[in-house]
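This one's a predicted model, so the numbers in the text were calculated from it and none came from an experiment. Proteins come first, then strands; the chains are lettered A, B, ... in the order of their sequence lines, and each starts at number 1.
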Amino acid sequence: MPKQQFWLLKSEPESFSIDDLKQAKQQTTCWDGVRNYQARNYMRSMNVGDLAFFYHSNAAPPAIVGIVEIVRTAYPDHTQFDSSHHHFDPKSKMEAPAWDMVDVKFVEKFAAPLSLEMLRDIAALKDMELLRRGSRLSVQPVTAAQWKTIIKLANKK
DNA sequence: GCCAACGTTGGC
DNA sequence: GCCAACGTTGGC
């Protein structure tokens, strides 16, 4: 059994929210559309059983809204080969897919979202990637300590 | 809607 | 390999 790791996944709720995931078939979805190499590499290092925060970006307010579990490790993102798809990548070849996705399953929606503004006030989270100025990475690692801190905040509310 | 931060592209 | 131009992300 590989050691459990923690992550954070961003999604714009207008395109896919945690409620969409909760209502999805088997409460599971493929996390497609990642088109950034660093984010892709993080996905490739995910293991089944890893947990991730679900973050709503471009939302009011931007916030961590719940938890998902990785239920399938990285495999080719089919949307890269679909010319009608918004995330089509004409340079990616079938025999060497450039982009991967993982499958995630709904675990929990927090009773109250943990807003970005509120998280910025927590000293223990000051080094979090999410809070870095100009941070745009849509798939990020979260340390065990940061994970624990945020879970405590979620349960306190 | 603005704009800072960042990644990518392409000319040289 | 440099770097300006451009496109995108995402908070505000």
Side-chain angles (χ1 to χ4, degrees), chain A residues 5-24 29-46 50-70 73-104 106-143 145-147 149-154 156-157:
Chain A
Q5 305 169 101
F6 303 105
W7 308 96
L8 181 143
L9 300 172
K10 289 186 189 175
S11 182
E12 300 193 15
E14 224 169 280
S15 61
F16 191 80
S17 71
I18 192 159
D19 292 321
D20 293 330
L21 178 60
K22 195 175 178 182
Q23 283 154 31
T29 191
C30 55
W31 203 261
D32 63 8
V34 173
R35 295 291 182 269
N36 170 284
Y37 287 105
Q38 198 179 353
R40 181 205 67 185
N41 292 343
Y42 282 132
M43 284 203 298
R44 286 184 174 173
S45 68
M46 290 178 181
D50 284 0
L51 297 175
F53 289 126
F54 196 119
Y55 177 80
H56 280 173
S57 61
N58 255 319
I64 294 176
V65 293
I67 299 172
V68 301
E69 180 182 356
I70 309 305
T73 54
Y75 62 106
D77 178 344
H78 55 84
T79 64
Q80 70 196 302
F81 303 122
D82 179 354
S83 59
S84 69
H85 199 281
H86 177 60
H87 290 296
F88 175 59
D89 181 354
K91 287 181 305 194
S92 185
K93 298 280 166 284
M94 273 294 190
E95 57 276 17
W99 307 112
D100 282 4
M101 59 189 183
V102 295
D103 287 357
V104 304
F106 176 84
V107 172
E108 178 187 350
K109 180 184 176 182
F110 293 154
L114 303 176
S115 73
L116 188 63
E117 185 187 20
M118 183 261 238
L119 295 171
R120 285 197 194 282
D121 286 338
I122 311 296
L125 300 177
K126 68 174 173 46
D127 294 328
M128 230 187 138
E129 170 66 24
L130 181 70
L131 305 182
R132 252 192 56 238
R133 181 181 167 80
S135 164
R136 297 190 313 177
L137 203 53
S138 64
V139 178
Q140 315 176 355
V142 172
T143 69
Q146 290 162 353
W147 182 270
T149 299
I150 292 166
I151 295 294
K152 268 191 209 150
L153 287 172
K156 214 187 293 180
K157 288 219 161 183

For a quick test of your reading: what N or O donor-acceptor pairs under 3.5 Å do the side chains of residues 53-65 of chain A make, sequence neighbours left out?
{"residue": "A:His56", "atom": "NE2", "partner": "A:Ile18", "partner atom": "N", "Å": "3.1"}
{"residue": "A:Asn58", "atom": "ND2", "partner": "A:Glu12", "partner atom": "OE2", "Å": "3.2"}

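Taking atom CD of residue A:Glu14 and atom P of nucleotide C:dG11, one finds them 14 Å apart after rounding to whole Å. Protein atom CG of A:Leu137 is 9 Å distant from nucleotide atom P of C:dG10, rounded to whole Å. Rounded to whole Å, the distance from CG on A:Leu130 to P on C:dT9 is 16 Å. The OH atom of A:Tyr55 sits 14 Å away from the P atom of C:dT9 (whole-angstrom rounding). Straight-line distance from the CD atom of A:Gln140 to the P atom of C:dT9: 15 Å, rounded to whole Å. The CG atom of A:Leu131 sits 16 Å away from the C1' atom of C:dT9 (whole-angstrom rounding). When the P atom of C:dC12 is taken as reference, atom NE2 of A:His56 falls 17 Å away, rounded to whole Å.
Under the side chain to side chain contact (heavy atoms under 4.5 Å, CB included) criterion, A:Ala39 pairs with A:Val34, A:Asn36, A:Leu137, A:Ser138, A:Val139, not counting sequence neighbours. Applying the ring pair (Phe, Tyr, Trp, His ring centres under 6.0 Å) rule to A:Phe6 yields the partners A:Trp147; only residues at least two apart in sequence or on another chain are considered. For the side chain to side chain contact (heavy atoms under 4.5 Å, CB included) test, residues two or more places apart in sequence or in another chain that qualify with A:Thr29 are A:Phe16, A:Leu21, A:Trp31, A:Val104.
Using a 4.0 Å cut-off between a side-chain N of Lys or Arg and a carboxylate O of Asp or Glu, A:Glu129 and A:Arg132 qualify as a salt bridge.
In terms of phosphate contacts, A:Lys10 brings no side-chain nitrogen or oxygen within less than 4.0 Å of OP1 or OP2 of C:dT9.
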Original post:
For nucleotides 2-8 of chain B, read 5' to 3', which letter fits each nucleotide if B means a protein heavy atom sits under 4.0 Å from the base, S means only the sugar-phosphate is that close, and - means neither?
Top reply: --SBBSS
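Counting only residues at least two apart or in different chains, salt bridge (charged side-chain N to carboxylate O under 4.0 Å, His left out) contacts with residues 30-44 of chain A comprise A:Arg35-A:Asp77, A:Arg44-A:Asp100.
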